[in-house]
Amino acid sequence: SQITPAETYVSPAAGSKGTVVVAGAGLAGLSAGKYLVDQGYTPLVLEARDVLGGKVAAWKDEDGDWYETGLHIFFGAYPNTLMLFEELGIQDRLQWKNHSLIFAMPNKPGVFSRFDFPDIPGPFNGIWAILTNNDMLTWPEKIKFGLALIPAITKGQKYVEEMDRMSFSEWLKMQGAPPRIEKEIFIAMSKALAFVDPDQLSATVVLTALNRFLQEGDGSKMAFLDGAPPERLCQPIADYIERAGGKVLLDKPLEQVLLNEDNTVAGFQIRGVKGQQPEIITADRYASAMPVDILKKLLPSEWAAMPFFDNITPLEGTPVINIHLWLDRKVSDVNNLLFSRSKLLSVYADMSVCCNEYKDDQRSHLELIFAPAAEWIGRSDEEIIAATVKELEIIFPEYFGANARDPAQVRKYKVVKTPRSVYMARPGMQAHRPDQKTPISNFYLCGDWTMQRYLGSQEGAILSGKQMAEAIEADRAVRPRKAVSSAGIPASFNVRQIR
Ligand code: FAD
């Protein structure tokens, strides 16, 4: 492979604090690039695929319609994301919806039940929303529910972290919450937050969300991006990085981490794709913004045995499926996210109503999350669509099924499978999430799965990138930079093969 110093792609300005190669241009890698240029570094962000965004990536079909890796929601309780939008000057791209959580009612096909949050401070707006919902819970249940939630509101982050020892189902039982609360509300919420049921999910995940949702008045208010994330969010971050002297390159998959004799990184070996030459890119510092499953595969064997890296072994991605159904008529006018409360589906939205770029006044475009997906990820698209349409008979009985009054036809569909998405947040996993700073002096980590307080989410990814940039800056004074010859890897470097 040819040896390419990062300076071949970027020209560090006078006074640059050094070059940083970041593998992965999902939100974490892009955020890292953004905050690194803000701190005076010169990042080179390398993405394996030909599209930015990772789990928020999207593509156009042959008709020019976008299809996405996932239906994505932004919450009021995403401070770092909202700040990033402001810093990029694109805050008008967030389409905020009325402050309501809307649930389908499986026992009453076609009926929806709402938790409407009035415009008063949290947690009072949340309490009001619970008390005024009369469809889903009885009064005794509401009171018990309210009492059960008190620790989620009043106790701090330490308590939330401690609860990682149990599942959210166990936590509800411990709190004496009526069993129907789990069935009616928290199956839907767990599936929406982490694509699994509450008996599989760490209590920390739901408590983190509840804590933020109930304490911050606008915490559970939701926004949709006004179009496809690669264009509307990722590209502006990449442009920002490049305007400040950094670079973002597609089609640059990291293939091997090459080591010096002292186990620090000597270079990133990049596979040559689409006719490009393979190359070894060298820089002052190196970072992974890749998903945990991929990082585990690429860890050099010299590192894998180190306690820091060995500790991440139990982390792995959760399967999830995102479905797009383009229909021949309008089946919904709800301008918000909906909790399907269906066995197979999680949340969904009519994107022809909720998202400016996908607007269609005549025909619905449903985007639905299919979760838990472990049993379905290996099945054919046709089977998955047939099962989805069957579930829609309960949500939209007027338009689907044998008794439909006004049967809707599926004009076309797309099924996007992500076999390993956000890390599986089972009880006990918090202790396995690593810091952004590693024991290797010139190697750092970011990604939604690394330790930050917002779990596997867009906010978590963006925050992890920011924290990584801060970790690099914090190290600047205390760690001498490894001298890497700009002519390439010195002959004395022991370039080893990875496992
Ligand atoms: P990723 O997005 O996975 O980025 C990693 C990047 O590394 C990718 O671009 C990948 O291609 C690249 N890469 C991999 N291997 C290599 C290699 N060898 N060399 C170079 N690059 C490599 N979050 C919310 O906040 N709200 C939601 O509503 C929401 N809904 C979701 C729905 C679905 C279906 C899914 C899948 C996720 C959803 N999320 C949601 C979660 C959110 O998308 C993720 O938490 C976040 O995007 C993760 O960002 P990341 O940068 O950490 O990882």
Side-chain angles (χ1 to χ4, degrees), residues 73-83 99-101 103 114-134 136-194 197-222 339 425-431 433 451-457 459-460 463:
I73 297 297
F74 297 84
F75 287 101
Y78 276 9
N80 297 285
T81 305
L82 301 188
M83 192 183 296
H99 195 173
S100 303
L101 301 180
F103 290 76
R114 306 170 65 99
F115 288 87
D116 291 315
F117 290 66
D119 199 7
I120 55 173
F124 304 106
N125 60 351
I127 294 169
W128 177 270
I130 294 170
L131 293 182
T132 52
N133 178 297
N134 292 323
M136 287 170 70
L137 304 175
T138 62
W139 269 99
E141 282 171 340
K142 285 192 235 183
I143 290 166
K144 282 193 187 153
F145 182 29
L147 292 174
L149 285 184
I150 287 175
I153 305 170
T154 57
K155 295 201 181 173
Q157 189 66 19
K158 191 162 171 287
Y159 173 80
V160 170
E161 296 286 341
E162 278 166 15
M163 293 304 111
D164 190 47
R165 63 173 189 267
M166 62 181 83
S167 72
F168 192 64
S169 297
E170 288 165 342
W171 187 86
L172 284 172
K173 276 192 204 95
M174 181 178 85
Q175 290 304 112
R180 248 172 45 84
I181 302 276
E182 173 168 343
K183 183 168 169 283
E184 296 295 315
I185 296 173
F186 285 110
I187 292 180
M189 204 161 199
S190 300
K191 288 186 358 160
L193 287 170
D197 286 323
D199 59 346
Q200 301 292 311
L201 185 59
S202 159
T204 296
V205 174
V206 189
L207 290 176
T208 301
L210 285 175
N211 195 265
R212 299 271 67 80
F213 287 177
L214 292 170
Q215 282 190 0
E216 295 171 27
D218 282 339
S220 57
K221 201 167 172 178
M222 292 184 270
F339 292 80
R426 280 190 292 258
M429 285 302 118
Q430 284 291 86
R433 297 172 68 196
M451 200 39 147
Q452 38 72 26
R453 56 189 296 235
Y454 284 93
L455 315 164
S457 64
E459 171 72 3
L463 177 57

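Fair warning: this is a prediction, and the values are worked out from it, not measured in the lab.
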Would N125 and H99 count as a side-chain contact (heavy atoms from CB on, under 4.5 Å) here? Give the steps. CA-CA 10 Å; N125 60 351; H99 195 173; 3.9 Å; yes

Can you label the angle between the F103 ring and the F339 ring as parallel, tilted or perpendicular, going by 30° and 60°? parallel

Going by atom types alone, do D116 and S100 pair a side-chain donor with an acceptor below 3.5 Å? yes

Would you please classify the geometry between the W171 ring and the F168 ring as parallel, tilted or perpendicular, with 30° and 60° separating the classes? parallel

Within the side chain of N133, is there an N or O that forms a donor-acceptor pair under 3.5 Å with the backbone of R114? yes

Evaluation steps, side-chain contact (heavy atoms from CB on, under 4.5 Å), between L137 and I185: CA-CA 10 Å; L137 304 175; I185 296 173; 3.9 Å; yes

Checking Q452 side chain against L455 main chain: does a donor-acceptor pair fall under 3.5 Å? yes

Of all heavy-atom pairs linking R453 and T208, the shortest is O-CG2, 3.6 Å

Would you mind writing out the side-chain donor-acceptor pairs for residues 210-219 within the sub-3.5 Å range, not counting sequence neighbours?
unit_1: N211; atom_1: ND2; unit_2: A152; atom_2: O; d: 2.7
unit_1: N211; atom_1: ND2; unit_2: K155; atom_2: O; d: 3.2
unit_1: R212; atom_1: NE; unit_2: E216; atom_2: OE2; d: 2.8
unit_1: Q215; atom_1: NE2; unit_2: I153; atom_2: O; d: 2.5

E161 to T204 - nearest heavy-atom pair and separation: O-OG1, 3.6 Å

From the list M163, E170, R165, side-chain contact (heavy atoms from CB on, under 4.5 Å) partner of S167 resolves to E170

Would you say CG of N134 has more than 12 non-hydrogen atoms from neighbouring residues, nucleotides or ligands within 6.0 angstrom? yes

